[in-house]
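Encoded as structure tokens, the structure appears first; notes follow it.
Any value given below was found using the heavy atoms of this structure, including those in side chains, with hydrogens, waters and symmetry copies removed. Residue numbers start at 1 and run along the sequence shown.
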Amino acid sequence: MRVWVTRARPGAERTAERLAALGFTPLVVPLLEIRPLDVTIDLAGIEALAFTSLNGVAAFTARCGERSLPVLAVGDATAGAARDAGFRQVHSARGDLGALAALIRQEAAGLSILHPCAAEPAGDLAGAVGDGANVRAVPVYGARETGAVPPQDWDAVLFHSPRAARALQAGIGGGVAVALSPAVAASLSDRGFAAVHIAASPTETALLEALARAAPTALGNPGSDV
């Protein structure tokens with residue numbers, strides 16, 4: 001089964017490796033390209049860092065050598081990237097932005113927290129945390145559309161973000177889409193897919209599980225298995 005991976009590199013390659021290990025044939029054609037922003041990171045008064053993506057970790061660590069601050073990460077993959085970058089105090093919310101906000105209120109209440117994020121973030125972490133902590137967002141990377149056309153002969157397509165979903169041209173025609181969350185799926189409503197499946201939770205593991213469940217539909221055989 002041929003699965004189109006739309007997320008930006010380098011995350012796309014990690015997704016492709018997981019797909020191949022599960023027996024799928026990955027087709028890496030990103031709809032977005034990540035570019036770091038030329039920003040000065042001011043850590044004066046900052047007591048912790050909050051990361052909501054792998055790209056945030058990569059962009060921050062490329063511009064700042066600080067590794068002693070505690071890190072609160074949205075999920076295990078982002079937490080792993082932070083540990084790989086040299087951070088030692090890393091906590092994973094194992095969920096979505098709401099789960100990270102809850103973790104911050106529980107583990108970092110009252111702290112001043114820097115949130116290295118996208119120029120167009122998918123959600124408002126500071127708003128979700130409220131007065132539980134002082135969260136300051138600093139854009140460290142941006143995403144631009146690649147203008148790529150779909151690969152040939154794909155059976156299913158994965159979408160990790162609303163931005164990637166919006167980058168897809170309308171009228172794709174047929175095929176099955178698998179979305180990381182309801183917010184991602186909402187951006188696919190007018191794209192012409194035969195079906196849109198949603199992961200049970202906003203993690204890539206759940207996304208791939210949803211893909212496995214969608215496989216019979218994508219292959220046009222309700223009784224088949226991957």
Side-chain angles (χ1 to χ4, degrees), residues 1-36 52-59 74-78 81 96-97 117-123 141-220 226:
M1 178 175 169
R2 295 163 62 85
V3 181
W4 175 16
V5 181
T6 63
R7 72 184 303 196
R9 292 183 168 91
E13 276 73 20
R14 287 187 285 269
T15 300
E17 290 174 0
R18 297 189 67 180
L19 286 168
L22 293 171
F24 296 104
T25 300
L27 306 171
V28 178
V29 182
L31 293 175
L32 298 176
E33 178 182 44
I34 300 301
R35 52 185 178 83
T52 47
S53 71
L54 299 172
N55 295 319
V57 174
V74 68
D76 290 344
T78 302
D96 56 7
L97 185 138
C117 62
E120 298 180 29
Y141 71 94
R144 59 187 175 192
E145 298 181 11
T146 64
V149 298
Q152 294 183 346
D153 301 325
W154 56 272
D155 301 301
V157 54
L158 301 180
F159 288 97
H160 286 71
S161 69
R163 181 70 188 277
R166 292 194 297 270
L168 183 69
Q169 296 297 316
I172 191 70
V176 170
V178 186
L180 187 70
S181 69
V184 178
S187 299
L188 298 171
S189 60
D190 62 348
R191 296 303 193 264
F193 290 107
V196 176
H197 299 262
I198 304 173
S201 63
T203 66
E204 188 169 79
T205 295
L207 182 71
L208 298 182
E209 290 171 349
L211 172 65
R213 292 192 297 271
T217 302
L219 294 172
V226 177

How many angstroms lie between CD1 in I34 and OG in S53, if you round to the nearest 0.5 Å?
7.5 Å

Looking at OG1 of T78 and CG of L54, how far apart are the two atoms once the value is rounded to the nearest 0.5 Å?
4.5 Å

Before giving the answer on side-chain contact (heavy atoms from CB on, under 4.5 Å), spell out for F193 and V157 the whole-Å C-alpha distance, their side-chain angles and the decisive distance to 0.1 Å.
CA-CA 10 Å; F193 290 107; V157 54; 3.5 Å; yes

If I compare all heavy atoms of R213 with all of A200, which pair ends up nearest, and what's the gap?
NH2-N, 4.5 Å

Mind checking whether L158 and L208 have side chains closer than 4.5 Å, heavy atoms only?
yes

Closest heavy-atom pair and its distance - A212, P216:
O-CD, 3.7 Å

Let me have the donor-acceptor pairs involving side chains of residues 17-28, under 3.5 Å, with sequence neighbours excluded, atom names and distances please.
| residue | atom | partner | partner atom | Å |
| --- | --- | --- | --- | --- |
| R18 | NH1 | E204 | OE1 | 3.3 |
| R18 | NH2 | T205 | OG1 | 2.9 |

What one should report as the nearest heavy-atom pair of A179 and A185 is CB-N, 3.7 Å

Smallest separation among heavy atoms of A165 and S187, with atom names
CB-CB, 3.6 Å

Close side-chain approach of L168 and T6, heavy atoms under 4.5 Å
no

Side chain of R7, backbone of E13: donor and acceptor closer than 3.5 Å?
no

Is there a side-chain contact between V196 and R191 in this structure, where contact means two heavy atoms from C-beta onward sitting under 4.5 Å apart?
no

Looking at CG of L180 and OG1 of T203, how far apart are the two atoms once the value is rounded to the nearest 0.5 Å?
7.0 Å

Identify the two heavy atoms, one from G56 and one from Y141, that lie closest to each other, and give their separation to 0.1 Å.
N-CE2, 3.5 Å

Could you tell me the separation between the CD atom of E145 and the CZ atom of R163, rounded to the nearest 0.5 Å?
6.0 Å

Testing L32, L207, V178 one by one against H160 for a side-chain contact (heavy atoms from CB on, under 4.5 Å), which residue passes?
L207

